[in-house]
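Every number for a ligand or one of its atoms is a count from 1 in the order of the listing. Since the structure is predicted, the reported quantities are computational estimates derived from the model, not experimental observations.
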Amino acid sequence: MCGIVGIVGKSHVNQAIYDALTVLQHRGQDAAGIVTSYGNKLCLRKDNGLVSDVFRTRHMQRLLGNMGIGHVRYPTAGSSSSAEAQPFYVNSPYGITLAHNGNLTNTEELADDIYREDLRHINTTSDSEVLLNIFAHELQEQRQLLPTPDVIFKAVSEVHKRIRGGYAVVAMISGYGIVAFRDPHGIRPAIFGSRETATGMEYMVASESVALDALGYKIERDIAPGEAIVITEDGQLFTQQCAEHTELTPCIFEQVYFARPDSIIDGVAVYKARLRMGEKLAEKILRQYPDHDIDVVIPIPDTSRSSALELANRLGVKYREGFMKNRYIGRTFIMPGQQLRKKSVKQKLNALDLEFRGKNVLLVDDSIVRGTTCEQIIEMARDAGANKVYFASAAPAVRYPNVYGIDMPAKEEFIAHGRTTEEIATAIGADWLVYQDIDDLVSACLEGSKTSAKSFDCSVFNGNYITGDINDEYFERLSQLRNDATKEGKRVVENVAIDLHNDETES
Ligand SMILES: O=P(O)(O)OC[C@H]1O[C@H](OP(=O)(O)OP(=O)(O)O)[C@H](O)[C@@H]1O
Ligand SMILES: NC(=O)CC[C@H](N)C(=O)O
Ligand SMILES: [Mg+2]
């Protein structure tokens, strides 16, 4: 999952994009980048690391211009090399830069077409560089000296016809404006807003509404599935539906884990959805264990807090913060490599003995994927003197790979793979384990929400891939390319990838 942002302002936008990226940092911790357009020049800075590590004062000073785009990366394709940090740049036509959240499922086929038919060179293994070149090619095909909204919308329509998968995109056309679009299912989120200033209207596009809130932008609306918006450098907004068939089926894992609770995605308030997940999970626990002996409900910080709180309320059991979180350690699930994830859980969370000693505790997490977190947490709870340790997951068991922008490529790596719920409980060391039912999860996101979505992409839970182009062969290839062992082996080699940054301060 990555974070994208684009701003067309009335003064330099470097600081605003930086600030927005810090608000979206939870979506990607591996790399960050900003590109701005200043006269005829593009100013780019991108590298591996957190936003605060990548941008120094000297970089910020050079990111001049009243419009720009930014990205925080969590890789789902290609490598984690700094050469694949985003935004990507292509010089023809016009000078285009692009930032992408999501994952294309026909990248290999597209890369081949780009080379053979479009005569374009791709320098990395990133699906986003492929996407940029498809967009650039389709723009070039319009044969216009200067872009116009119509030309851009036509190009986006052609892009939709060629690419498959999940994508929310923000692109900047040098000296002209910003373009943003979303895949025909709206799998990945994108929203835009505006801000009135003394010198005119400013516009911002972002992955999540929280970035607009933080920057003082008024939310206009989510970009519709298949829709494209164009904001010209002088502040005019154009929108158009560019896909033939659309159906809003956003990724439910945004609601479960990825998004910040204070965001509203496609009309679903994430915080409220998580409260309802807790409520429904409590009802299931009451059905399954009417005579339960739970003394205390303890969340696993951070993401499960909202669900755990409401779960405790509904059970009528005390809610206690039994694990303290080191605020300087990021999200562990999106870290690269199992070793690092494992080490980070211990560094990140510490048990408060007094909340565990002699008690029957119910630990609540938003989801269990590889089982890295729950296995260690349960051990910590026992070491802290818990009598019984029960475990509840606010999402169903993750059994299927994600192909739309979350790095869960190999089902063999999931703790639920080939195991029943009881067997998973044994594997993680819990006295019992309860998973949310899929229908309850979907209801938790729909009930009481102002959303036009009727359903979600729930593929990691039910194996139903809404783009309809995923088969066993694809999974095998994905697993081979991106399982943890392969990525680990590639890491050293990747660091020597040719780097085409245009940033002079690179050492
Ligand atoms: O079963 P696993 O493979 O461990 O994955 C699931 C865990 O990872 C995530 O936490 P993370 O630390 O990434 O973020 P958080 O602080 O937002 O909860 C998620 O909230 C679960 O706790
Ligand atoms: N998580 C994402 O959205 C990743 C975007 C893109 N596929 C990349 O790997 O850079
Ligand atoms: Mg967590």
Less than 6.0 angstrom from the centroid, inside 45 degrees of the normal: does Lys46 satisfy that with respect to the ring of Phe88? yes
For Ala77, the ligand 2 atoms with a heavy-atom partner under 4.0 Å come out as 9 (O)
* Carboxylate-amine/guanidinium proximity below 4.0 Å for Arg382 and Asp431 -> yes
One should read off an interatomic distance between Arg120 CZ and Ile114 CD1, to the nearest 0.5 angstrom, of 8.0 Å
From the list His100, Arg182, His160, side chain to side chain donor-acceptor pair (under 3.5 Å) with Tyr167 holds only for His160
Chain-and-number sorted residues having a heavy-atom contact under 4.0 Å with ligand 1 are Tyr257, Pro301, Asp302, Thr303, Arg331, Thr332, Phe333, Lys348, Asp365, Asp366, Ser367, Ile368, Val369, Arg370, Gly371, Thr372, Thr373
Rounded to the nearest 0.5 angstrom, the CD1-OG1 distance for Ile470 and Thr105 is 4.5 Å
Pair Asp366 + Arg274: basic N to acidic O under 4.0 Å | no
Atoms of ligand 2 under 4.0 Å from any heavy atom of Pro75, numbered from 1 in the order shown, are 9 (O)
Side-chain donor-acceptor pair present, Ser126, Arg73, cut-off under 3.5 Å: no
At under 4.0 Å between heavy atoms, what of Asn101 touches ligand 2? The answer is both
Looking at ligand 2, would Gln86 count as a contact under a 4.0 Å heavy-atom criterion? yes
protein heavy-atom neighbour closest to atom 5 (C) of ligand 2 works out as Gly102 O, 3.2 Å
The closest protein heavy-atom partner of atom 10 (O) of ligand 2 is Arg73 NE, 2.5 Å
shortest atom 1 (N) of ligand 2-to-protein heavy-atom contact is with Met1 N, 2.6 Å
Checklist entry - With a 4.0 Å cut-off on heavy atoms, is Ser126 touching ligand 2? => result no
Under 4.0 Å from one or more heavy atoms of His100, ligand 2 contributes atoms 5 (C)
Between the NZ atom in Lys280 and the OG atom in Ser307, the distance rounded to the nearest 0.5 Å is 13.0 Å
In short, ring-ring contact (aromatic ring centres under 6.0 Å, His included) pairs touching residues 395-420 with sequence neighbours left out are none
Output for pair (Ile17 CD1, Phe55 CZ), nearest 0.5 Å, gives 9.0 Å
ask   = In terms of side-chain geometry, is the basic nitrogen of Arg260 or Asp213 positioned less than 4.0 Å from the acidic oxygen of its partner?
value = no
Closest to atom 4 (C) of ligand 2 among protein heavy atoms sits Cys2 SG, 2.9 Å
